[in-house]
Participant: 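My questions all concern the structure below.
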Amino acid sequence: MRFLAGLALISLNVAAMQNEPATTEQVDAFVDEQVEKYEFSEQQVREWLNQAEKNEDVLAAIQRPWEAKPWYQYYPIFLTDKRLDAGKRFWAEHSDTLQRAQQEFGVPAEIIVAIIGIETFYGSYLGKYPVLDSLYTLAFHYPPRAKFFRSELSEYLRLANAEQWQVKEQLGSYAGAMGLGQFISSSYRHYAVDFDDDDKRNIISNPVDAIGSVANYFAEHRWQAGEPIAHKPDQQQDWASVSSDGMKPDTTVGALRERGFSIASDYSDTLAVKVLQFETEDGYEYWLGFDNFYAITRYNHSPLYAMVAYQFSQQLRQANSAATEN
């Protein structure tokens, strides 16, 4: 999954980073760690790494994440009629599986469908980069996040070994995310599930496993069944005075009401909330993000991503309701 919104804040020189060599010491230390912690042979780890190639396109792509765009440029990328039509077809085709996932994990079907649609357009674009190359490149040639990507490279080697993949086999995003839901290697290992009981966790090409795995991911990140996600309040109030950076709820509906803010009666005083600011072409709009909104940001660490996922999910829910009624 594309968790890389925070990288938009990094402003290092691209050319300098692309010329940053992987030192022998860094590679040796990585190999030693795999041997010591995970009982691989040194020969095996070096054989895997010898297949990896530095990819300049990966280094260029990581400098321009979509989440660096302002909201008014970001949401039109995803909220399109074409994606909505594809989502309606995916929902209709997998309605029984989606209903089962919703019942088992408590995550609404529309959220699951929205995520898979945003990530890979329902499997039509799974990524073009060998995962091994992406993770090797970022682990040893991208200093700002080298520690993280070395960890992910380790996760990928263990995953490939467990799943009996050829290490150069899997393709994914520039950040090494794989499958219909674009799970990074650590997420694949920890949250992917066998949802069709065939003794395989295949989120690469099996939509049933992908649906169950996305739902499980949210459940593990404290999705609260039946609770709200986001709410757009009266924009005439001074929401700028109570908005702040970050994504985690830091106040309550009751506390905002005590400060004079009017919030629909549907929302109880005890609900934790974050006041979020989104840039429009002529100013800003404000939203209230609840704990479930924060759960979406655990999938991709960006309020822009979470908001577009929420709005797309609402389009899908309305479209599915209309189709059901007809």
Side-chain angles (χ1 to χ4, degrees), residues 1-9 65-72 74-75 78-79 102 105-112 114-115 118-119 181 187 190-191 214-280 283-317:
M1 67 218 81
R2 292 190 315 277
F3 60 96
L4 298 168
L7 294 172
L9 303 176
W66 286 342
E67 287 80 8
K69 297 177 183 293
W71 170 247
Y72 67 90
Y74 180 80
Y75 77 81
F78 302 100
L79 301 183
Q102 180 170 312
F105 296 104
V107 180
E110 62 265 23
I111 289 292
I112 302 169
I115 294 296
I118 290 168
E119 293 293 347
S187 294
H190 292 95
Y191 304 116
V214 170
N216 182 53
Y217 186 96
F218 281 115
E220 292 289 337
H221 287 79
R222 301 182 180 181
W223 185 273
Q224 299 178 16
E227 293 298 311
I229 302 171
H231 170 65
K232 189 176 184 180
D234 179 3
Q235 298 292 295
Q236 300 303 311
Q237 299 174 84
D238 184 21
W239 292 106
S241 66
V242 288
S243 68
S244 58
D245 293 334
M247 293 165 280
K248 191 171 185 177
D250 54 8
T251 187
T252 65
V253 169
L256 291 173
R257 284 174 175 148
E258 287 178 3
R259 295 185 61 170
F261 290 94
S262 176
I263 301 172
S265 59
D266 308 42
Y267 305 103
S268 71
D269 282 347
T270 58
L271 280 173
V273 68
K274 179 78 176 179
V275 179
L276 300 155
Q277 175 179 277
F278 296 91
E279 184 179 355
T280 65
Y284 295 94
E285 66 181 36
Y286 296 89
W287 284 75
L288 304 182
F290 303 104
D291 282 328
N292 281 342
F293 186 90
Y294 181 68
I296 300 175
T297 69
R298 301 306 85 201
Y299 203 93
N300 179 308
H301 295 177
S302 166
L304 298 181
Y305 179 92
M307 180 53 68
V308 87
Y310 168 69
Q311 292 193 9
F312 185 36
S313 75
Q314 297 310 289
Q315 292 180 352
L316 288 162
R317 182 179 59 80

Participant: Measure the spacing between CG of D291 and CD of E227 and express it to the nearest 0.5 Å.
Facilitator: 8.5 Å
Participant: For D238, which residues count as a salt bridge (charged side-chain N to carboxylate O under 4.0 Å, His left out) partner, sequence neighbours excluded?
Facilitator: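 Once residues adjacent in sequence are excluded, D238 has no partner under the salt bridge (charged side-chain N to carboxylate O under 4.0 Å, His left out) criterion.
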Participant: Do T270 and V253 make a side-chain contact, defined as non-hydrogen atoms from C-beta onward lying under 4.5 Å apart?
Facilitator: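 With C-beta onward as the side chain, the pair stays apart.
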Participant: Please report the shortest heavy-atom distance between S313 and E110, naming the atom on each side.
Facilitator: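 That closest heavy-atom pairing would be O-CB, 3.4 Å.
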Participant: Mind listing the closest non-hydrogen atom pair of F261 and S241 along with its distance?
Facilitator: CZ-OG, 3.9 Å
Participant: side-chain contact (heavy atoms from CB on, under 4.5 Å) for I115 and F312? Distances and angles first, verdict last.
Facilitator: CA-CA 9 Å; I115 294 296; F312 185 36; over 6 Å; no
Participant: To the nearest 0.5 Å, tell me how far Y299 OH sits from Y305 OH.
Facilitator: 5.5 Å
Participant: Within the 4.5 Å heavy-atom criterion, are N292 and I111 side-chain neighbours or not?
Facilitator: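 The answer is no; the side chains never approach within 4.5 Å.
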Participant: Nearest 0.5 Å, what's the CH2-CD1 distance between W223 and I229?
Facilitator: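 Interatomic distance, W223 CH2 to I229 CD1, rounded to 0.5 Å: 3.5 Å.
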Participant: Do Y267 and F290 pass the ring pair (Phe, Tyr, Trp, His ring centres under 6.0 Å) test, and can you show the C-alpha distance, the side-chain angles, and the key distance before you say yes or no?
Facilitator: CA-CA 10 Å; Y267 305 103; F290 303 104; 5.2 Å; yes
Participant: Do the non-hydrogen side-chain atoms of Y191 and V214 ever get within less than 4.5 Å of each other?
Facilitator: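 No; the side chains remain at least 4.5 Å from each other.
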Participant: Atom CG of L79 and atom OH of Y74: how far apart are they, to the nearest 0.5 Å?
Facilitator: 9.5 Å
Participant: To the closest 0.5 Å, what do you measure between CG (L304) and OG1 (T297)?
Facilitator: 11.5 Å
Participant: Let's go through Q277 and Y286 carefully: what are the C-alpha distance in whole Å and the side-chain angles of both, what is the deciding distance for side-chain hydrogen bond (donor to acceptor under 3.5 Å, both in side chains) to 0.1 Å, and is it a yes or a no?
Facilitator: CA-CA 5 Å; Q277 175 179 277; Y286 296 89; 2.9 Å; yes
Participant: Going by the angle between their ring planes, with limits at 30° and 60°, are Y310 and W287 parallel, tilted or perpendicular?
Facilitator: perpendicular
Participant: Okay, side chain of Q235, backbone of P233: is any donor-acceptor separation there less than 3.5 Å?
Facilitator: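 Yes; at least one donor-acceptor contact below 3.5 Å.
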Participant: Of all the heavy-atom pairs spanning L271 and P228, show the shortest one and how long it is.
Facilitator: CD1-CG, 3.9 Å
Participant: Is it the case that more than 12 heavy atoms not belonging to D245 sit under 6.0 Å from its CG atom?
Facilitator: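 Not buried by this count: 12 neighbours or fewer within 6.0 Å.
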Participant: Nearest heavy-atom pair of W71 and M307: which atoms, and what distance?
Facilitator: CH2-CG, 3.4 Å
Participant: Kindly check if the number of other-residue, nucleotide or ligand heavy atoms within 6.0 Å of CZ (R222) is above 12?
Facilitator: no
Participant: Which pair of non-hydrogen atoms, one from S262 and one from Q237, has the smallest distance, and what is that distance?
Facilitator: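 For S262 versus Q237, the nearest heavy atoms are N-OE1, 2.6 Å.
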Participant: Could you grab the distance from atom CG of N216 to atom CD1 of I112, nearest 0.5 Å is fine?
Facilitator: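 Interatomic distance, N216 CG to I112 CD1, rounded to 0.5 Å: 10.5 Å.
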Participant: Could you check whether the rings of Y217 and H221 sit parallel, tilted or perpendicular, using 30° and 60° as the cut-offs?
Facilitator: parallel
Participant: How far apart are the closest heavy atoms of S302 and M247, and which atoms are they?
Facilitator: N-SD, 3.7 Å
Participant: Do the non-hydrogen side-chain atoms of V242 and T251 ever get within less than 4.5 Å of each other?
Facilitator: no
